[in-house]
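Have a look at the structure below before the remarks.
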2 protein chains.
Amino acid sequence: MNKKTTIYDIARALGITVSTVSRALNNVPTISEATRQLVLAKAKELNYSVNKIASSLSSGRSNTIGVIVPTMQIHFFAEAVHSIEKELKKHNYSLLLYQSNESYSDEVNGVKTLLEAQVDGIIASLSLETQQIAHFQEVIKQGKSLITFDRTHQDIAAPVVKLNDFEAGYLATKHLIEQGYKKIGFITTNKEIAIFQDRFSGFEAALKEADLPQLDDLIVRGELSIEAGIKGTEQILQSSIQPDAIIGGDDFTAVGIIQALKAAEIAIPATGVIGFANQTFSSFITPTLSSIDQQANKMGEECAKLFLKMVKQKDPYEDIEQVVLDPILIKRKSTCRIDN
Amino acid sequence: MNKKTTIYDIARALGITVSTVSRALNNVPTISEATRQLVLAKAKELNYSVNKIASSLSSGRSNTIGVIVPTMQIHFFAEAVHSIEKELKKHNYSLLLYQSNESYSDEVNGVKTLLEAQVDGIIASLSLETQQIAHFQEVIKQGKSLITFDRTHQDIAAPVVKLNDFEAGYLATKHLIEQGYKKIGFITTNKEIAIFQDRFSGFEAALKEADLPQLDDLIVRGELSIEAGIKGTEQILQSSIQPDAIIGGDDFTAVGIIQALKAAEIAIPATGVIGFANQTFSSFITPTLSSIDQQANKMGEECAKLFLKMVKQKDPYEDIEQVVLDPILIKRKSTCRIDN
DNA sequence: ATGAAAGCGCTAACAT
DNA sequence: ATGTTAGCGCTTTCAT
């Protein structure tokens, strides 16, 4: 493995200086087309390839962005990362990936790692554990572009891309009400995370608007998982009031609800079920599961666009944008009492 | 945003030289514990943080690995990337992600980009389009550690991590045979990709072993998707021979098969269905779908371990390892004629 | 155990 | 349009 060729080699071979070579390679206008061609030809001949590390050190820009997500095992995040990478690649940015694994300390470490790697910015979605946000303040303090999406925190003074989760909860609930459901349960998380709380607020608002009572016996707060959906449903079925619909905090929980209802020989959609996330499997299960689409791809794209806009500005934070995407109701069999 | 503190600042503040500071920060043995502590304390006081770009340029190691996968939209790859990142992070490596989007030219560009970024190695799974592999040869030529997984190419002289796909096809088929199915169909891709061909060979081998005929009318080659599963099943049902089981080239195709059978009012598992990949949804659908698990996590882990081993060697390619993981049969309702 | 100094490969004033 | 020359922040060999 022979030493890699550098711009010095090209310069020497051509009897010119490195600055000229650098200009030719970087399409700097103040250079004659003739020399540019000469340089490009020689570069190709010598199989030259830039060393971006050297370039970054010198220029102060790494053309790399760091992305922190809880885990790629969650489809939503994989999808968002997909879009971010796809979009940013078009503009010559590379993506450094870091998973927090839903751990606060890992997340703190991730920010540190990415900052040390001199990323030009960070796009992050918070871990379930995260309460403090000093690590993110540091990113802003260093003048790097920070964007948080989906799982955000109101004290972070940076642009945000998220779903209108209040609307998501409202939409799901209103849909149930329109289908004639009146005694609606909700199995959600007990964690104080904005998106889940917002969904619940939307649920409350829709009930109030329709003059329906909020039945506390039908509200379960715990985990979000298939298991939690099953347990939650069993608990609800024990209460004095029987629900005619149950909302799952996410699609996994909704699957649990479906399984528990089937086990109790309660027909669906006579009793309705709806979830959040519109996971791939939602359209395959029986009955197909109504859900609220979270627009992972759109979210990723918006994050990327926002980042590109921020890095272009002298002060990335001169105006802090907030992109709120509208949730999309996906009606399927699990809530289709009435034809549509 | 005040200039970041460098090791020069620490050196100046302590009246020592940068080399000493560097030694202290990097746990080089030849330094007194006293000065080390002094340096660490001052570093903390000045809120020092290394510039890994500078460190990389100087040392020649970036502590970054590049990962190329077709797309994070495919759960298997998201899962594999998850494991790679998780494992490598423990050893202080960062992960640069690049998606080929199933395009050959994108993949070539990805290798170029990662090489320019001076990654210490590349872990890749090939795009469906890839036939030529000169871009990967270049990685090897540069002495960087290359590992391909799952979608590999036999002409790449580098370590490989993959599933025993022959065994996967064999296992699935043998399971069906043991359940008493005799007229077994197979809906697979018409693309010449090793893993799919191997699965088919395993299918053939299992039939032969059991002295069962291979019924050409029940073999469909086209795409892999729900749609393809539906169309393929419809085509098979038109033939003179009625199948008593159909294998889907992947779980999506198997879902299509299930839907088509249901539509034709053919009972499952009276007619059996099995897929490959063990997607998340496989255990939620009705009936739950038997499948062959591809061990995405294990594959990612093995890739990471292999990489760590390679970078430790003077010549990464002194022995080219091949890790072949055993597929795991996941028996579910869609093939459970007999109790187990 | 510590210091001095030469790079790593490239960029970007500034000068010509 | 091209050349000259400092760095960018760190590592590492060679002295001491």
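Hydrogens, waters and symmetry mates play no part in the numbers below; they use all other heavy atoms, side chains included. Just so it is clear: chains get the letters A, B, ... in the order the sequence lines come, proteins before strands, and each one is counted from 1.
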Please determine if a side-chain N or O atom of [X] lies less than 4.0 Å away from the OP1 or OP2 oxygen of [N].
X: A/Ser32; N: D/dA1; value: no
X: A/Arg61; N: C/dC10; value: no
X: A/Thr17; N: D/dG3; value: yes
X: A/Ser55; N: C/dG9; value: no
X: B/Tyr8; N: D/dG7; value: no
X: B/Ser59; N: D/dT12; value: no
X: B/Thr20; N: C/dG3; value: yes

Figure out the [atom1]/[atom2] separation between [X] and [N], and round it to whole Å.
X: A/Ile10; N: D/dT2; atom1: CD1; atom2: C1'; value: 16 Å
X: A/Gln118; N: D/dC8; atom1: CD; atom2: C1'; value: 10 Å
X: A/Lys52; N: C/dT11; atom1: NZ; atom2: P; value: 12 Å
X: B/Asp9; N: D/dG9; atom1: CG; atom2: P; value: 9 Å
X: B/Asn63; N: D/dC10; atom1: CG; atom2: P; value: 15 Å

Closest listed nucleotide, where the reference is the side chain of [X] and the choices are [options]:
X: A/Ile31; options: C/dG9, D/dT5, D/dT2; value: D/dT2
X: A/Leu57; options: C/dT2, D/dC10, D/dC8; value: D/dC8
X: A/Asn26; options: C/dT11, C/dG3, C/dA5; value: C/dT11

Self-check item: Closest-nucleotide ordering on DNA chain C, the 5'-leading residue of A/Asn51 and B/Thr35
Solution: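 Nearest nucleotide further toward 5': that of B/Thr35.
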Quiz item: DNA chain C: A/Arg23 or B/Arg36, which has the more 5' nearest nucleotide?
Solution: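 Here B/Arg36 is the residue nearer the 5' end.
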Exercise. May I ask you to verify whether the side chain of B/Ser19 and the base of C/dA4 hold a donor-acceptor pair under 3.5 Å?
Key: yes
Self-check item: Salt-bridge present (A/Asp319, A/Lys309; N to O < 4.0 Å)
Solution: yes
Exercise. Over 60° means perpendicular and under 30° means parallel, so classify the ring planes of A/Phe149 and A/Phe76, tilted if in between.
Key: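 Correct class here is tilted.
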Quiz item: Got a sec: does the CD of B/Glu33 have more than 12 other heavy atoms crowding it under 6.0 Å?
Solution: yes
Practice problem: Considering non-hydrogen atoms only, spot the tightest contact between B/Tyr317 and B/Ala158 and give its length. | Solution: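 Heavy atoms only, the tightest pair is CE2-CB, 3.8 Å.
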Quiz item: Are A/Thr71 and B/His82 close enough, and set up right, to give a side chain to side chain donor-acceptor pair (under 3.5 Å), and what steps lead you there?
Solution: CA-CA 7 Å; A/Thr71 168; B/His82 163 81; 3.2 Å; yes
